[in-house]
Protein chains: 2
Amino acid sequence: MKTEKVDKRQAILDAAEKLFCETGYEGTSTRQIAKESGANMAMINYYFGSKEGVFVEIMNERIAGFTSQLKIINEDKISALEKLHRVIEGYVNRILDNTAFHKMMHRELSLTQRPEMYDKIKDAMSHNMQIIDRIITDGIEDGSFNKVDVRMVIGTIMGTITNIVISPHKVMSCSNFDLNNPKDKKIIKDRAVAHLQDLTKVYLTTKR
Amino acid sequence: MKTEKVDKRQAILDAAEKLFCETGYEGTSTRQIAKESGANMAMINYYFGSKEGVFVEIMNERIAGFTSQLKIINEDKISALEKLHRVIEGYVNRILDNTAFHKMMHRELSLTQRPEMYDKIKDAMSHNMQIIDRIITDGIEDGSFNKVDVRMVIGTIMGTITNIVISPHKVMSCSNFDLNNPKDKKIIKDRAVAHLQDLTKVYLTTKR
DNA sequence: GGAAGTTAATCAATCGTTTGATTAATTTTG
DNA sequence: CAAAATTAATCAAACGATTGATTAACTTCC
């Protein structure tokens with residue numbers, strides 16, 4: 001039997017993330033977090049100072065593991081389209097492997113309050129956005145891509161993926177389908193990648 | 001001067017919607033709603049029974065004014081592409097004219113709790129989705145559209161618009177820009193429509 | 001005068017946080 | 001090495017503030 005001796009700090013983070021995802025930040029009480037994690041309530045403030053401290057810590061850890069996947073792609077000696085397609089593949093995979101977190105991030109982003117978090121998320125994303133922008137812009141400048149509204153294209157790619165995460169039932173017409181089921185997730189991942197790669201290829205490279 | 005004699009009931013609904021949009025349902029207190037609307041706290045329960053009653057009422061009213069804009073378009077004797085482009089125009093306009101509500105709707109949709117609301121929103125959207133699905137499918141069947149992943153295309157259209165509402169700063173590189181400013185809103189509306197119409201035209205009708 | 005509208009005051013419950021005490025683990029000291 | 005001192009981790013209990021809701025008295029208006 002695996003030892004029960006995991007540190008409470010991590011248990012609190014795990015429980016909090018799960019609860020924040022399910023019921024939102026305001027909708028989750030410190031007592032729930034304590035109960036779910038098996039830690040005493042005071043431990044939350046002992047480790048993180050406050051409830052918001054827990055939230056910030058979750059965000060920071062996630063965002064830390066978020067960066068620098070794109071940089072490698074961008075430095076490869078491949079065509080702009082291939083770069084973009086790798087980015088799409090990477091994005092779909094990462095986001096659909098962390099649907100709960102991305103729902104939460106999205107939710108908090110849509111709130112006017114907690115501006116520090118808003119800025120933090122925004123900064124983390126805008127860096128990635130710049131890289132994608134660079135890839136597409138390079139493609140346009142070297143003549144392999146059509147002249148398009150670059151920011152809108154990026155919005156389309158990201159919006160499509162987010163849309164799948166938040167309303168998977170829309171995509172999968174069948175109702176008895178679960179994003180947590182690895183089988184179903186694989187299916188929808190492949191569909192999303194195929195669609196977005198096809199869409200961008202046609203839209204960006206069709207001569208007209 | 002416009003008379004101050006507006007009924008409190010509506011004032012409560014207006015204030016609540018604004019606050020729910022800004023700070024979320026859980027993040028908004030009944031006292032805030034009372035203060036913002038100029039009504040006494042007890043009026044909330046007098047008119048709507050409870051805080052949740054206010055929320056449900058807002059959603060019901062909005063969803064009621066949500067339906068059957070698309071039906072007319074679908075019955076017009078125009079090409080599938082023209083239909084789709086009118087749908088896009090209608091969608092962009094409605095959503096960007098009600099950004100606050102759509103943020104709120106989106107947020108509630110991403111929460112596990114309040115399943116009745118989830119189903120209600122889902123049903124309201126799925127009807128419109130069916131109409132769009134029909135338009136695209138018809139276009140495919142009569143040979144004017146390429147064979148594509150229809151649900152994914154719809155997800156792309158809706159996701160793109162939602163993405164603009166939630167992260168307008170992503171699209172508009174300039175920072176001092178406000179979706180509430182009618183001037184800025186017009187600009188982004190036009191850009192969104194132009195992008196989506198161009199994208200769908202190229203993707204759906206390019207021979208390949 | 002009576003129904004509808006409105007108010008301030010109050011309710012129990014829950015919120016996030018803090019407290020003081022206790023145990024477990026680690027370091028210092030003789 | 002072992003006793004003493006120190007630190008880290010954990011706990012139950014309680015804090016004041018705020019929550020959504022309700023009461024009962026008071027206006028307003030037909």
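Computed from a predicted model, the values in this text were never measured in an experiment. Letters A, B, ... mirror the listed sequences (proteins, then strands); counts begin at 1.
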Checklist entry - Starting at CD1 of A/Ile33 and ending at C1' of C/dT14, how long is that distance when rounded to a whole Å? => result 15 Å

Item to check | Residue among B/Arg31, B/Lys18, B/Lys8 satisfying salt bridge (Lys or Arg N to Asp or Glu O under 4.0 Å) with B/Glu36 | outcome: B/Lys18

Item to check | A/Arg9 CZ - D/dA9 C1' separation (whole Å) | outcome: 14 Å

Next on the checklist: One thing to verify: whether B/Glu57 and B/Lys51 come together as a salt bridge, which I'm taking to mean a side-chain N less than 4.0 angstrom from a carboxylate O.
Outcome noted: no

Next on the checklist: Measure NZ/A/Lys8 against C1'/C/dT23 and give the value in whole Å, please.
Outcome noted: 13 Å

Next on the checklist: Between C1' on D/dA9 and CZ on A/Phe48, what's the gap in Å once rounded to a whole number?
Outcome noted: 13 Å

Checklist entry - So, do A/Phe20 and A/Tyr25 have ring centers that fall under 6.0 Å from each other? => result yes

Checklist entry - So does A/Tyr47 get a side-chain nitrogen or oxygen closer than 4.0 Å to the phosphate oxygens (OP1/OP2) of D/dT10? => result yes

Checklist entry - Are side-chain heavy atoms of A/Leu111 and B/Thr23 found at a separation under 4.5 Å? => result no

Tabulate protein N/O versus nucleotide N/O from nucleotides 19-23 of chain D, keeping only pairs under 3.5 Å, one per line.
residue	atom	partner	partner atom	Å
D/dG20	OP1	B/Thr28	O	3.2
D/dG20	OP1	B/Lys51	NZ	2.6
D/dG20	OP2	B/Thr30	N	2.7
D/dG20	OP2	B/Thr30	OG1	3.1
D/dG20	N7	B/Arg31	NH1	2.8
D/dG20	O6	B/Arg31	NH2	2.7
D/dA21	OP2	B/Lys51	N	2.8

Checklist entry - Quick one: are A/His85 and A/Lys201 in side-chain contact, heavy atoms under 4.5 Å? => result yes

Checklist entry - With the threshold set at 4.0 Å, does a side-chain nitrogen-carboxylate oxygen contact exist between A/Glu26 and B/Arg107? => result no

Checklist entry - Considering residues, nucleotides and ligands other than A/Lys189, do more than 12 of their heavy atoms fall under 6.0 Å from its NZ? => result yes

Next on the checklist: Output the rounded distance in Å from CD (A/Gln10) to P (D/dT10).
Outcome noted: 13 Å

Checklist entry - So what is the end-to-end bend of the helix from C/dG1-D/dC30 to C/dG30-D/dC1, with 5 pairs used at each end and the value given to 10 degrees? => result 10°

Item to check | Sole residue of A/Asp97, A/Asn180, A/Thr99 in side-chain hydrogen bond (donor to acceptor under 3.5 Å, both in side chains) with A/Lys185 | outcome: A/Asp97

Item to check | Contact under 4.0 Å: A/Tyr46 side-chain N or O vs D/dA8 OP1/OP2 | outcome: no

